[in-house]
Chemist: 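Before we start, here is the structure in question, set down as structure tokens.
Numbering starts at 1 and runs along the sequence shown.
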Amino acid sequence: MHHSQIDSDIRRLIAEGTVLPAHPLALTAERQLDKTHQRALTRYYIDAGAGGLAVGVHTTQFAIRDVGLYRPVLELAAETAASWTTRPLAMVAGLAGPTSQATAEARTARDIGYHAGLLSLAAMKSASEDEIIAHCTAVAAEIPLVGFYLQPAVGGVILSSRFWQRFAAIDNVIAIKIAPFNRYRTLDVLRGVAAADALDRVALYTGNDDHILLDLMLPFDLRDKGITTRTYFKGGLLGHWSVWTASAIKQFERCKAARHKDTVPADLLALDARVTDCNSAFFDVANNFHGCIAGCHEVLRRQGLMRGLWCLDPNEGLSPGQKEEIDRVTREHADLSDDAFVAANLSKWLA
């Protein structure tokens, strides 16, 4: 499947930038798929105004592949979305593993109706950049690709600007999620895409949950041989946006409106720090992100969108002190939540 085969409205949506929440996995206490709450989450993101969904990604738990849930979870999200709305939604499937696995997942996602694959390179830690490019090229032959620069703390591979230049040159790459949580490495990706002359074709999406709003509103000036190229992040594909999503979409729209302006309101710039403070609790920064998935579950559990914090790995859960940190940011930043929106619609989503 080539990107030219994607519906034009969806291709435009991805290219111009949108909100793509990373979809969590709702489980029962027995660690089985909770279809009722899984459907409710999908409906929540759609009604909040998300431009699409990322399913089978890190926030969905990579371990779904080990327990036979990869296809069922992707199918459930696609079927729920199709039955809940008629507006265009960009459906992005997480792809992982060595080349044989990633290409098989790409074919599965494509056959279900997903438009692109977000390619994790965590399985390629010992590979050379040449081998990783060959891997990406093989997967791109099956489905349009969204690159994924995942931070090393949760399994990512450190990659050079030259790598990202070569990656962006792959014809079927349509976007890159930049999530190293590191400004230097973020710039490496931007410089690489610019060097490939691909900024018009490859949409830049922030995954830097520690600087969401600044990534979305500020210009980035890239210099090469005395020539300045200015670029912007177009949208976000974020685990952080799996919670308080209705509020996040309002923030995204404010950031888009602030782009290309000579001045940016100080209150909007300052809001970045407040969102980052919330993320520090949700993502368990104090414990090197160990509780990042469970932290998001806890926010959703409090709203009634999940029944518990259960992860497929019984050892995954909230870290010591994380609940108290979530209590703190929920109290101090209550205006950033979407509790009222969820309360007003929850029974409909659970039906």
Chemist: Given 3.5 Å as the limit, does a donor-acceptor pair link the side chain of Ser337 with the main chain of Ala334, or not?
Modeler: yes
Chemist: With a 4.5 Å limit on heavy-atom distance, are the side chains of Asp215 and Arg183 in contact?
Modeler: yes
Chemist: Could you note down all residue pairs passing ring-ring contact (aromatic ring centres under 6.0 Å, His included) where residues 89-125 supplies at least one of them, sequence neighbours left out?
Modeler: none
Chemist: Let me confirm one number: the OG1-CG distance from Thr42 to Leu53, rounded to the nearest 0.5 Å.
Modeler: 6.0 Å
Chemist: What's the spacing between Arg191 CZ and Thr231 OG1 if we round to 0.5 Å?
Modeler: 14.0 Å
Chemist: Among residues at least two apart in sequence or on other chains, which ones pass side chain to side chain donor-acceptor pair (under 3.5 Å) with Arg107?
Modeler: Glu142
Chemist: Distance check, rounded to the nearest 0.5 Å: Lys256 atom NZ versus Glu16 atom CD?
Modeler: 6.5 Å
Chemist: Can a salt bridge be assigned to the pair Asp130 and Arg166 using a cut-off of 4.0 Å between side-chain N and carboxylate O?
Modeler: yes
Chemist: Any side-chain heavy-atom pair from Phe233 and Thr186 closer than 4.5 angstrom?
Modeler: yes
Chemist: Applying salt bridge (Lys or Arg N to Asp or Glu O under 4.0 Å), name anything that partners Arg307, two or more places apart in sequence or on another chain.
Modeler: Asp34
Chemist: Please state whether the rings of Tyr232 and His260 are parallel, tilted or perpendicular, taking 30° and 60° as the class boundaries.
Modeler: tilted
Chemist: For the residue pair Phe163 and Phe167, categorise the inter-ring angle as parallel (less than 30°), tilted (30 to 60°) or perpendicular (more than 60°).
Modeler: parallel
Chemist: Are Asp284 and Lys323 close enough for a salt bridge, meaning some N to O gap below 4.0 Å?
Modeler: no
Chemist: Looking at Asp221, I want to see if its CG is surrounded by more than 12 non-hydrogen atoms of other residues, nucleotides or ligands under 6.0 Å.
Modeler: yes
Chemist: In terms of side-chain geometry, is the basic nitrogen of Glu298 or Arg302 positioned less than 4.0 Å from the acidic oxygen of its partner?
Modeler: yes
Chemist: Report the relative orientation of the aromatic rings in Phe282 and Trp244; use parallel for angles under 30°, tilted for 30 to 60°, perpendicular for over 60°.
Modeler: perpendicular
Chemist: State whether a side-chain donor-acceptor pair under 3.5 Å links Glu129 with Ser160.
Modeler: yes
Chemist: In plain terms, say whether Asp188 and Arg185 are close enough for a salt bridge, that is, a side-chain N and a carboxylate O under 4.0 Å apart.
Modeler: no
Chemist: Please examine the side chains of Leu159 and Ile132, heavy atoms only from C-beta on, and report whether any two atoms are closer than 4.5 Å.
Modeler: yes
Chemist: Under a plain distance cut-off of 3.5 Å, with no hydrogens placed, do His3 and Asn172 share a side-chain donor-acceptor pair?
Modeler: no
Chemist: Are the side chain of Asn287 and the backbone of Ser319 linked by a donor-acceptor contact shorter than 3.5 Å?
Modeler: no
Chemist: Should the pair Glu332-Arg328 be classified as a salt bridge under the 4.0 Å nitrogen-to-oxygen rule?
Modeler: no
Chemist: Backbone N or O of Asn315 within a donor-acceptor pair of the Asp313 side chain at under 3.5 Å?
Modeler: yes
Chemist: Listing request: all salt bridge (Lys or Arg N to Asp or Glu O under 4.0 Å) pairs with a residue in residues 35-49, at least two apart in sequence or in separate chains.
Modeler: Asp47-Lys348
Chemist: Do you know the tightest heavy-atom contact between Asn182 and Asn208?
Modeler: N-OD1, 4.2 Å
Chemist: Please assess Tyr149 against Trp164 for the test ring pair (Phe, Tyr, Trp, His ring centres under 6.0 Å), listing each intermediate value before the final yes or no.
Modeler: CA-CA 9 Å; Tyr149 201 178; Trp164 291 108; 5.2 Å; yes
Chemist: Can you tell me how far the CG atom of Leu213 sits from the CG atom of Leu271, to the nearest 0.5 Å?
Modeler: 5.0 Å
Chemist: Just wondering, are more than 12 heavy atoms of other shown residues or ligands nearer than 6.0 Å to CG in Asp197?
Modeler: no
Chemist: Listed by chain and number, what are the side chain to side chain donor-acceptor pair (under 3.5 Å) partners of Tyr44, not counting sequence neighbours?
Modeler: Thr245, Asp338
Chemist: Is a side-chain donor-acceptor pair under 3.5 Å present for Thr60 with His23?
Modeler: no
Chemist: What's the separation between atom CD1 in Ile46 and atom CG in Leu41, rounded to the nearest 0.5 Å?
Modeler: 11.0 Å
Chemist: Applying salt bridge (Lys or Arg N to Asp or Glu O under 4.0 Å), name anything that partners Asp339, two or more places apart in sequence or on another chain.
Modeler: none
Chemist: Please say whether more than 12 non-hydrogen atoms of neighbouring residues, nucleotides or ligands are located less than 6.0 Å from CG in Asp267.
Modeler: no
Chemist: For residues Ile326 and Gly295, report the shortest heavy-atom separation together with the two atoms involved.
Modeler: CD1-O, 3.9 Å
Chemist: Do the non-hydrogen side-chain atoms of Thr276 and Asp272 ever get within less than 4.5 Å of each other?
Modeler: yes
